[in-house]
Chemist: 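There's a structure below that I have some questions on.
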Amino acid sequence: MNTLEAIAARRSIRKFQDTPIEAEKLQAILLAGIQAPSGKNKQPWRFIIVKEDKRAEMVDVMRQGIAKIKAQGENTGSSEWSAQVMEQAPVTVFVFNPEGLSPWHEHSVDQMIWDVVDIQSIGAAIQNMLLAAQDLDLGSLWICDVFYAYEELCQWLGEKGEMIAAVSFGYPAESPAARPRKPSNEVVKVI
Ligand SMILES: Cc1cc2nc3c(=O)[nH]c(=O)nc-3n(C[C@H](O)[C@H](O)[C@H](O)COP(=O)(O)O)c2cc1C
């Protein structure tokens, strides 16, 4: 599959088969992430892998965080739905910026600038992983709903630094149509 084909064929997948992911395929996905460009080549990422044996515990922790926010009367968005997806996916990879601060922490100007740069680098790594998964016939879902259980998940994962996102991977059990995109004349300006 060439790059443009992979970009066009990729979809967010929210239903996965039980079939485990082969170790070589998971390695190839992580390598694709590691090969992403990064600001000053800092490679500001750490990938924490949760497989089937720890998945129920992970989702339990996520649900505890969601319940806490709900109890405060706050909106919890699509987080319960995302937890259900993570419950099915054979692998979920959490991506951390080891030097990043929690989004609720006060940032100096320098920290704020580096945080913005590092988040872009991590975004590139995540997209590389999604495209690698596509090439390997695997589905993926990029998940920021993990922020509804930020403290709980960071503590459970035992990671310092800033959690940026989670990505679930597995063999797809659905083949959704392409979701709509804004037309280019709405988002592109030539001057
Ligand atoms: C930064 C980011 C965060 C996302 N977080 C979630 C999420 O928490 N739960 C979810 O179901 N989808 C999540 N998505 C997937 C988007 O909903 C999806 O990419 C978008 O609807 C377009 O669909 P497509 O990926 O199939 O093209 C996220 C995507 C991105 C890029």
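Indexing begins at 1, ligand by ligand and atom by atom, following the structure's order. Any value given below was found using the heavy atoms of this structure, including those in side chains, with hydrogens, waters and symmetry copies removed.
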Chemist: Counting N and O atoms only, with roles assigned by atom type, does the side chain of Ser108 sit under 3.5 Å from a partner on the main chain of Gln111, one being a donor and the other an acceptor?
Modeler: yes
Chemist: For residues Gln155 and Val61, determine if any side-chain heavy atom of one lies less than 4.5 Å from a side-chain heavy atom of the other.
Modeler: no
Chemist: Suppose we measure from atom 1 (C) of ligand 1 to each protein heavy atom; which comes out shortest, and what is that distance?
Modeler: Trp142 NE1, 3.4 Å
Chemist: How about Pro176 and Ile13: do any of their side-chain heavy atoms sit closer than 4.5 Å?
Modeler: yes
Chemist: Under 3.5 Å between some N or O of ligand 1 and some N or O of Arg11?
Modeler: no
Chemist: Among all protein heavy atoms, pick the one closest to atom 26 (O) of ligand 1 and tell me residue, atom and distance.
Modeler: Arg179 NH1, 2.6 Å
Chemist: Verify the contact flag for atom 20 (C) of ligand 1, where contact means a protein heavy atom under 4.0 Å away.
Modeler: no
Chemist: Is the shortest heavy-atom distance from the side chain of Ile29 to the side chain of Val167 under 4.5 Å?
Modeler: no
Chemist: Can you pull out the closest protein heavy atom to atom 17 (O) of ligand 1? Residue, atom name and distance to 0.1 Å, please.
Modeler: Arg14 NH2, 3.1 Å
Chemist: In this structure, which one of Glu152, Glu151, Glu74 forms a salt bridge (charged side-chain N to carboxylate O under 4.0 Å, His left out) with Lys68?
Modeler: Glu152
Chemist: If you measure every N or O of Ser78 against every N or O of ligand 1, does any of those distances drop under 3.5 Å?
Modeler: no
Chemist: Looking at Glu99 and Lys42, does any basic side-chain N land under 4.0 Å from a carboxylate oxygen?
Modeler: yes
Chemist: Less than 4.5 Å apart, any side-chain heavy atom of Lys25 and any of Phe169?
Modeler: no
Chemist: For atom 8 (O) of ligand 1, tell me which residue out of Val85, Ile119, Asp145, Ile13 has the closest non-hydrogen atom.
Modeler: Asp145
Chemist: Say whether Cys144, considering both its backbone and side-chain N or O atoms, lies within less than 3.5 Å of an N or O atom on ligand 1.
Modeler: yes
Chemist: Report yes if some N/O of Ser12 lies less than 3.5 Å from some N/O of ligand 1; otherwise report no.
Modeler: yes
Chemist: For atom 9 (N) of ligand 1, grab the closest protein heavy atom and report residue, atom and distance to one decimal in Å.
Modeler: Ser82 OG, 2.8 Å
Chemist: I need the nearest protein heavy-atom contact for atom 27 (O) of ligand 1: residue, atom name and distance, please.
Modeler: Arg181 NH2, 2.7 Å
Chemist: Report the C-alpha separation of Met129 and Trp142 in whole Å, then their side-chain angles, then the decisive distance to 0.1 Å, and conclude whether the side-chain contact (heavy atoms from CB on, under 4.5 Å) test is met.
Modeler: CA-CA 10 Å; Met129 293 197 292; Trp142 188 329; over 6 Å; no
